[in-house]
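Structure, as structure tokens:
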Amino acid sequence: MSALGPDTTVRFRLNGEEQTVHAAADTRLVDLLREHFGLTATKAACRIGRCGACLVLMNGSAVNACLLMAWQIEGADIISPEALAALPEGHVVREALVAEVSFQCGYCAPGFVVALTALLRREPNADEAAIRAALEGNICRCTGYFSILRGAMLAVQRLSEENVPADSALTGAPTD
């Protein structure tokens, strides 16, 4: 028995595959990803939803995995940072951030990539104001953010040049 209630069985989709997990209802998604599935790109940093290091896509939106309990992901479509390269936008975002040498240590990078991928799936022609707004919940202690913004703007440029479709086999069309 967990602090908030009994164990529960949760069914959800993770990185394109159906999953069934038996866990305490109050187990955080970040802990399920890291401990049960071995997906460690989602970081357990602040654990209060303020740093963005634990971001994942849930039903197309960037969410803090440290704030989601097991019972809340029933039926959800979760994409961890490890699977973002399978999304056209995720692939372009990663390459653009690398091209602009956007990160130093890289600890925060998965969260930034998730946030930008979610934004660009919704708004492929995002301007700098939209990018800044989408990244408000992400903290990087190594850079001055300008290289991250340059990488994000390069991703927008590359997406417009490639005319990337808004859906993929992994998740279907993005949701609002």
Side-chain angles (χ1 to χ4, degrees), residues 14-16 29-30 33-34 37-68 76-176:
L14 175 62
N15 298 337
L29 176 57
V30 67
L33 293 174
R34 293 179 64 80
F37 294 101
L39 299 172
T40 58
T42 301
K43 306 298 185 223
C46 73
R47 292 190 170 266
I48 57 172
R50 293 203 177 136
C51 72
C54 69
L55 286 182
V56 297
L57 292 180
M58 180 170 156
N59 301 328
S61 297
V63 297
N64 291 300
C66 71
L67 299 179
L68 287 171
D77 184 9
I78 306 290
I79 300 176
S80 72
E82 287 87 351
L84 289 176
L87 301 174
E89 301 85 357
H91 178 75
V92 170
V93 165
R94 287 169 89 174
E95 286 191 351
L97 291 170
V98 168
E100 288 296 332
V101 192
S102 295
F103 302 105
Q104 290 178 25
C105 80
Y107 188 84
C108 65
F112 276 93
V113 175
V114 169
L116 289 169
T117 299
L119 170 66
L120 297 180
R121 287 181 63 77
R122 267 191 337 268
E123 195 177 333
N125 295 313
D127 61 11
E128 186 175 336
I131 291 167
R132 285 178 180 266
L135 297 179
E136 283 179 349
N138 294 77
I139 295 173
C140 176
R141 299 199 184 273
C142 297
T143 70
Y145 295 97
F146 293 109
S147 58
I148 297 169
L149 290 172
R150 283 194 315 268
M153 294 304 294
L154 180 59
V156 169
Q157 176 188 340
R158 287 182 176 177
L159 284 171
S160 69
E161 291 169 357
E162 294 179 17
N163 199 15
V164 173
D167 63 338
S168 76
L170 187 59
T171 63
T175 59
D176 293 324

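The figures here come from the full heavy-atom set of this structure, side chains too, leaving out hydrogens, waters and symmetry mates.
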State which residue, out of Val114, Leu87, Val56, fulfils the side-chain contact (heavy atoms from CB on, under 4.5 Å) condition with Ile79.
Leu87
If I compare all heavy atoms of Ala96 with all of Ala155, which pair ends up nearest, and what's the gap?
CB-N, 3.5 Å
By salt bridge (charged side-chain N to carboxylate O under 4.0 Å, His left out) - contacts of Arg132 (at least two apart):
Glu128
Evaluate Leu33 against Leu14 for side chain to side chain contact (heavy atoms under 4.5 Å, CB included), listing each step before the verdict.
CA-CA 9 Å; Leu33 293 174; Leu14 175 62; 3.7 Å; yes
Side-chain donor/acceptor of Asn125 to backbone N/O of Ser160, under 3.5 Å
no
Please examine the side chains of Leu120 and Glu123, heavy atoms only from C-beta on, and report whether any two atoms are closer than 4.5 Å.
no
Would you give the length of the straight line joining atom OG1 of Thr117 to atom NE2 of His91, rounded to the nearest 0.5 angstrom?
11.5 Å
Sequence neighbours left out, what passes side chain to side chain donor-acceptor pair (under 3.5 Å) with Arg34? Give chain and number order.
none
Heavy-atom check, side chain of Asn64 versus side chain of Leu55, under 4.5 Å
yes
So which heavy atom on Asn138 is nearest to which on Ala115, and how close?
OD1-CB, 3.7 Å
Taking all heavy atoms of Cys66 and all of Gly49, pick out the closest pair and write down the distance.
SG-N, 3.2 Å
When you measure from the side chain of Glu89 to the backbone N and O of Pro124, does any donor-acceptor pair fall under 3.5 Å?
no
Enumerate the residue pairs fulfilling salt bridge (Lys or Arg N to Asp or Glu O under 4.0 Å) with a member in residues 90-104, sequence neighbours excluded, ordered by first and then second residue.
Glu100-Arg150
With side chain to side chain contact (heavy atoms under 4.5 Å, CB included) as the test, would you mind laying out the steps for Leu84 and Leu57 before giving the verdict?
CA-CA 9 Å; Leu84 289 176; Leu57 292 180; 3.9 Å; yes
Which residue pairs pass the ring pair (Phe, Tyr, Trp, His ring centres under 6.0 Å) test with at least one member in residues 114-136, sequence neighbours excluded?
none
If you round to the nearest 0.5 Å, how far is CZ of Phe112 from CD1 of Ile139?
8.5 Å
For Ala41 against Pro81, the heavy-atom pair lying closest together
CB-CB, 3.7 Å
Here the ring pair (Phe, Tyr, Trp, His ring centres under 6.0 Å) pairs for residues 114-147, sequence neighbours left out, are none
Hey, could you give me each pair passing ring pair (Phe, Tyr, Trp, His ring centres under 6.0 Å) that has a residue in residues 114-144? Not counting sequence neighbours.
none
Side-chain contact test, heavy atoms from C-beta onward, threshold under 4.5 Å: evaluate it for Asn15 versus Leu39 and give yes or no.
yes
Under the side-chain hydrogen bond (donor to acceptor under 3.5 Å, both in side chains) rule, what pairs show up with a residue in residues 46-55, not counting sequence neighbours?
Asp31-Arg47
If you look only at distance, which donor and acceptor atoms sit under 3.5 Å apart when one is on a side chain in residues 102-110 and the other is two or more places apart or in another chain?
{"unit_1": "Ser102", "atom_1": "OG", "unit_2": "Leu97", "atom_2": "O", "d": "3.1"}
{"unit_1": "Ser102", "atom_1": "OG", "unit_2": "Ser147", "atom_2": "O", "d": "2.8"}
{"unit_1": "Gln104", "atom_1": "NE2", "unit_2": "Cys142", "atom_2": "O", "d": "3.1"}

Could I get the full list of side chain to side chain donor-acceptor pair (under 3.5 Å) partners for Thr42, not counting sequence neighbours?
none
Does anything in residues 136-149 pair up under salt bridge (Lys or Arg N to Asp or Glu O under 4.0 Å), and if so which pairs, sequence neighbours excluded?
none
Applying side chain to side chain donor-acceptor pair (under 3.5 Å), name anything that partners Glu161, two or more places apart in sequence or on another chain.
Gln157
